[in-house]
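As the structure lists them, so they are numbered: ligands from 1, and atoms in each ligand from 1. Along the sequence shown, residues are numbered consecutively beginning with 1. Because the structure is a prediction, the values reported are computed rather than measured.
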Amino acid sequence: MRRKLVAGNWKMHGCAADLAELTALTALLPADAATDVVICPPSSLLHRACQAVHGTAIAIGAQDCHAARTGAFTGDVSARMIADAGARHVIVGHSERRAAHGERDADIRAKAQAALAEGLTAIICIGETEDERLSGATLDRLTAQLYGSCPDTASAATTVIAYEPIWAIGTGRVPTLEQIAEVHDMLRAELVKRFGAEGEDVRLLYGGSVKPENAAEIFTCTNVDGALVGGASLRAADFAPIVMALQSR
Ligand code: PGA
């Protein structure tokens, strides 16, 4: 049985005062939740966020890491530093990083490898553009990203795959349930092909305009094990109902 997971990506939002949302979230979620909850604040808040959720069921993750342990990489943060701050997860390969920072599959694989080496869980993002979707290239594109971005050392305990169609991120547009199911079923089959039985246990998240209003419907897809949530993760009042929708599936 795969444990359910909802991860919130705050992106470049949030200052110290917004940590109050973590306290609010704790109050809204049952303490014995069967759903894993991870919040990924900006790196400036990582350490304080870890302190804020100490003793609760919420875990903290980062939004990116460098592939090297240390070095002359101005402005970057390594997986080791993220673990040192108390975080347990890191998102790698988000489409905003792929687009704005030119990250390719090989870079993302190296980052994921670095994360695993530090005992972090890597949340590896893949997703097609709208043009790829319209030209029928979606499944080929995603398969290539899955193979290219996911390290051979990946295991179900340490690796999560997030399918995020780029055209659905921050747009309010969501694929049909059939489209989501088609992709997730294909990803499951590819994971099993590559990792054997272990591939059955790797969690697959859907991301892109997940809201309290559409979460329950998205979670009806068999191979959707949870969600990666952007905008709706910023406020506990929006995020908690998404967690509860998965919890009660
Ligand atoms: P969104 O972002 O929920 O605001 O569409 C999702 C993401 O980028 O992870």
Option passing salt bridge (Lys or Arg N to Asp or Glu O under 4.0 Å) with Asp107 (candidates Arg104, Lys111, Arg109):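 The single option meeting the salt bridge (Lys or Arg N to Asp or Glu O under 4.0 Å) with Asp107 is Arg104.
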Stepwise side-chain contact (heavy atoms from CB on, under 4.5 Å) check, Leu177 with Cys221: CA-CA 7 Å; Leu177 283 191; Cys221 298; 4.1 Å; yes
Side-chain donor-acceptor contact under 3.5 Å, Ser155 with Thr158: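 The criterion, which ignores hydrogens and geometry beyond distance, is satisfied for Thr158 and Ser155.
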Pairwise side-chain contact, Cys65 with Val77, heavy-atom cut-off 4.5 Å (strictly under):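 Sidechains of Val77 and Cys65: no contact.
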Close side-chain approach of Arg2 and Asn223, heavy atoms under 4.5 Å: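 In short, these two side chains touch, coming nearer than 4.5 Å.
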Transitive ILVMFWY side-chain link Val92 to Ile126, under 4.5 Å: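 Linked within one cluster.
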Amino acids in close contact with ligand 1, where any non-hydrogen atom sits under 4.0 angstrom away: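 Ligand 1 is contacted, at a heavy-atom distance under 4.0 Å, by Asn9, Lys11, His94, Glu164, Ala168, Ile169, Gly170, Gly208, Ser209, Leu228, Val229, Gly230, Gly231.
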